[in-house]
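Input: a single structure, listed below in structure tokens.
Worth saying up front: this structure is predicted, and the values here are computed from it rather than measured.
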Amino acid sequence: MSSNILVQRICQNCNTEFTAKTTVTKYCSNNCAKNAWRKRKQAGKVKKINRATKKEVIFEKTEIKDKEFLSVNEVAILLNCTNRIIYYLIETKKLEATNLGTRVTRIKRTNLDKLFSKL
């Protein structure tokens, strides 16, 4: 439903002046509307990733410091390396770990400290 009103507007995407046929029009063309939609979707994805990263940083600082038994992922975060390196250290008997079941490997904090006292 359009009206007979012609309103001068500035496109929110390309900043060019255009004549709008409705009072709620924001963009000068369909292409500008599509580009603005893509930018909004991309900004939403970036925002989501940033929130997840902030959660990881908070998790790293609070949870890991207080635990006596650590998972392979938590040890990798503490040592700033990959999980594969931790599994390699376990396989070569340089780091003592306990396998509690399938995909449940725990490392005692004292064993992690022993790794660095050997070096």
Side-chain angles (χ1 to χ4, degrees):
M1 184 164 131
S2 66
S3 64
N4 293 331
I5 302 171
L6 298 177
V7 181
Q8 286 300 109
R9 295 275 178 139
I10 296 177
C11 179
Q12 290 184 1
N13 186 46
C14 64
N15 294 326
T16 58
E17 190 172 328
F18 70 100
T19 304
K21 294 181 182 178
T22 66
T23 57
V24 294
T25 305
K26 296 179 182 179
Y27 307 106
C28 61
S29 65
N30 193 24
N31 286 337
C32 279
K34 288 178 182 178
N35 289 336
W37 178 81
R38 278 191 215 108
K39 287 178 186 177
R40 283 195 310 271
K41 285 292 182 183
Q42 184 179 14
K45 288 180 183 179
V46 169
K47 190 175 182 180
K48 184 178 178 182
I49 291 170
N50 287 341
R51 266 191 261 130
T53 303
K54 286 179 184 177
K55 286 181 183 178
E56 282 183 23
V57 170
I58 292 169
F59 170 75
E60 289 176 20
K61 293 180 181 176
T62 57
E63 293 289 325
I64 297 175
K65 289 181 181 179
D66 300 332
K67 287 186 176 181
E68 179 64 27
F69 295 96
L70 302 168
S71 68
V72 173
N73 189 31
E74 292 168 342
V75 172
I77 290 170
L78 279 176
L79 299 181
N80 197 21
C81 63
T82 63
N83 293 355
R84 189 65 219 142
I85 292 173
I86 303 303
Y87 283 118
Y88 174 77
L89 292 172
I90 293 169
E91 289 169 9
T92 58
K93 307 285 187 209
K94 292 181 181 179
L95 181 61
E96 190 177 334
T98 304
N99 193 0
L100 301 173
T102 307
R103 298 183 183 184
V104 184
T105 303
R106 296 292 178 245
I107 302 161
K108 197 171 184 179
R109 188 174 287 277
T110 55
N111 295 339
L112 188 61
D113 295 335
K114 287 178 188 177
L115 175 71
F116 290 107
S117 65
K118 290 179 184 178
L119 299 176

Where do N99 and G101 come nearest, in terms of heavy atoms and distance? OD1-O, 2.5 Å
When clusters are formed by joining ILVMFWY residues with side-chain heavy atoms under 4.5 Å apart, either directly or through shared neighbours, do F116 and L78 land in the same one? yes
Please round to the nearest 0.5 Å and tell me the distance separating atom CD of E17 and atom SG of C28. 11.5 Å
Do the side chain of R9 and the main chain of T23 share a donor and acceptor less than 3.5 angstrom apart? yes
Less than 4.5 Å apart, any side-chain heavy atom of L79 and any of I85? no
How long is the straight-line distance from CD1 of I86 back to OG of S71, given to the nearest 0.5 Å? 10.0 Å
Any side-chain heavy atom of L89 sitting closer than 4.5 Å to one from L115? yes
Can you tell me how far the OG atom of S29 sits from the CG atom of N35, to the nearest 0.5 Å? 8.0 Å
With a 4.5 Å cut-off on side-chain heavy atoms, are I107 and F69 touching? no
Same cluster (ILVMFWY, side-chain, under 4.5 Å), F18 and Y27: no
V7 versus T19: any side-chain heavy-atom pair under 4.5 Å? no
Are T105 and T98 side-chain neighbours, meaning at least one heavy-atom pair lies under 4.5 Å? no
With side chains defined as the heavy atoms from C-beta onward, is the minimum distance between L70 and R106 less than 4.5 Å? no
With a 4.5 Å limit on heavy-atom distance, are the side chains of E74 and K67 in contact? yes
Heavy-atom count around Q42 CD within 6.0 Å, excluding the residue itself: above 12? no
CZ/R40: more than 12 non-hydrogen atoms of other groups inside 6.0 Å: yes
Strictly by modelled atom types, are N13 and K26 linked by a side-chain donor-acceptor pair under 3.5 Å? no
For a 4.5 angstrom cut-off between non-hydrogen side-chain atoms, does E96 reach K108? no
Quick one: closest heavy-atom pair of L95 and N111, and the distance? CD1-O, 3.7 Å
